[in-house]
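A short worksheet on the structure shown next.
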Amino acid sequence: MTRRLIDLSTPVTTGHFRWPVERRLHKSHAEGAGQATWAGWIVHGFTHMDSPRHVDPEGFTTDAISLDMTVGDAAILDLSDVPENTAITGERIAAAGAHLRPGDIAILKTRWDERADIATPNFWARAPWMTAEAAIRLREAGIKAIGFDFPQDYCIRFFLTGEARPPLPEHVTHYHLLQRGVIMFEYLRNTGALRAPRSLVVALPVKLPDSDGAPARVIAIEEDAA
């Protein structure tokens, strides 16, 4: 058997219209002291991990997230045929996730990054989204973590229109999954490279104590027949 290593992480780039990144040289070779880059951005930008404190003032922070909560067996739910601007229903999740096992990480594969650029408004305004029923089905399946490659709550797009953010229950994945302890990894990409229905996922957030989230590098490891 040979292993395929698949990077599911979105690069941190400057110039994103939603997530400003401050990046500069802290020191340079021209100064004779080697080069060091300084960078800063919101921890909920690009590929990142949400901890429950993000939505619940009593929820646990990144300190409480152990490696076994974000590394492990994963079920890949192939939703790549879901049309744009369409709700992902509980029935659709049940059909795509028949191979889910308790304790899995669920990776939702819409391949949305192949249809829209994350640096453009269309990525947000035309994306599919999760229904409350879909989120509940995943929680009841016993998953420990979940990764999305699309802006998974319909109301996330409201930042484009200026509409007020609705109450937490309308952020359905945050309410039905994250608030109940299911760790979420948002804005994955390259899920189209995943071939197998199951893989090992290694999702490593930056070790940022007492935080509501953290930037993360997420990879999948697939076993191929030699």
Side-chain angles (χ1 to χ4, degrees), residues 1-12 43-52 54 60-80 82 88 92-114 118 128 130 134-135 137-153 173-174 176-178 180-208 211-225:
M1 301 289 287
T2 59
R3 294 185 301 174
R4 296 179 63 240
L5 304 180
I6 302 154
D7 192 350
L8 303 177
S9 312
T10 298
V12 177
V43 298
H44 296 281
F46 307 97
T47 300
H48 66 276
M49 176 210 73
D50 283 355
S51 62
H54 182 43
F60 60 84
T61 65
T62 54
D63 306 71
I65 295 175
S66 58
L67 292 177
D68 65 329
M69 296 171 72
T70 62
V71 176
D73 293 332
I76 315 304
L77 278 63
D78 191 351
L79 303 166
S80 54
V82 173
I88 297 172
R92 186 69 185 83
I93 288 293
H99 57 304
L100 270 171
R101 302 170 186 166
D104 272 351
I105 298 171
I107 301 295
L108 273 54
K109 173 186 172 179
T110 68
R111 303 176 68 171
W112 184 240
D113 63 296
E114 298 176 28
I118 197 171
M130 295 282 286
R137 277 185 180 262
L138 286 164
R139 188 186 75 228
E140 291 179 344
I143 63 172
K144 66 180 181 181
I146 186 167
F148 303 97
D149 65 358
F150 60 102
Q152 72 277 5
D153 293 344
T173 61
H174 291 79
H176 292 290
L177 293 169
L178 182 61
R180 290 159 173 79
V182 177
I183 306 305
M184 300 206 317
F185 288 88
E186 297 185 334
Y187 306 113
L188 304 181
R189 64 177 295 154
N190 196 36
T191 57
L194 297 168
R195 299 174 186 168
R198 297 188 61 82
S199 72
L200 174 66
V201 163
V202 179
L204 297 180
V206 172
K207 202 167 186 178
L208 188 61
S211 180
D212 43 74
R217 189 73 178 266
V218 181
I219 67 168
I221 303 172
E222 290 186 345
E223 298 288 347
D224 276 348

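Quick caveat: nothing in here was measured; it's all calculated off a predicted structure.
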Separation between [atom1] of [X] and [atom2] of [Y], rounded to the nearest 0.5 Å:
X    : Y    : atom1 : atom2 : result
H176 : E140 : NE2   : CD    : 10.5 Å
L79  : I107 : CG    : CD1   : 11.5 Å
I146 : L138 : CD1   : CG    : 4.5 Å
I6   : T191 : CD1   : OG1   : 10.0 Å

Side chain proximity check, [X] to [Y], heavy atoms < 4.5 angstrom:
X    : Y    : answer
L8   : D149 : no
W112 : P128 : yes
S9   : V218 : yes
D212 : H44  : yes
I88  : F150 : yes
P52  : L178 : yes
I105 : V71  : no
R3   : E222 : no

Quick one: does any side-chain atom of [X] pair with a main-chain N or O of [Y] as donor and acceptor, under 3.5 Å?
X    : Y    : result
T70  : A203 : yes
H99  : I76  : yes
R111 : S80  : no
T47  : T10  : yes

Salt bridge flag under 4.0 Å for residues D104 and R198: yes
Contacts of R101 that satisfy salt bridge (Lys or Arg N to Asp or Glu O under 4.0 Å) - sequence neighbours left out: none
CZ (R217) with more than 12 external heavy atoms under 6.0 Å: no
side-chain contact (heavy atoms from CB on, under 4.5 Å) between V206 and T62, intermediate numbers included: CA-CA 9 Å; V206 172; T62 54; over 6 Å; no
R195 and R4: CA distance, side-chain angles, deciding distance, side-chain contact (heavy atoms from CB on, under 4.5 Å) verdict: CA-CA 10 Å; R195 299 174 186 168; R4 296 179 63 240; 3.4 Å; yes
I65 and F60: CA distance, side-chain angles, deciding distance, side-chain contact (heavy atoms from CB on, under 4.5 Å) verdict: CA-CA 8 Å; I65 295 175; F60 60 84; 3.7 Å; yes
Residue pair [X] / [Y]: nearest heavy atoms and the distance that separates them:
X    : Y    : result
S199 : A220 : OG-CB, 3.8 Å
A135 : M130 : N-CE, 4.0 Å
V201 : A74  : CG2-CB, 3.4 Å
G213 : S51  : N-OG, 3.8 Å

side-chain contact (heavy atoms from CB on, under 4.5 Å) between L204 and L67, intermediate numbers included: CA-CA 8 Å; L204 297 180; L67 292 177; 4.0 Å; yes
Can you give each donor-acceptor pair under 3.5 Å made by side-chain atoms of residues 181-188, sequence neighbours left out, with the distance rounded to 0.1 Å?
unit_1	atom_1	unit_2	atom_2	d
E186	OE1	H48	NE2	2.9
E186	OE2	Q152	NE2	2.6
E186	OE2	H174	NE2	3.2

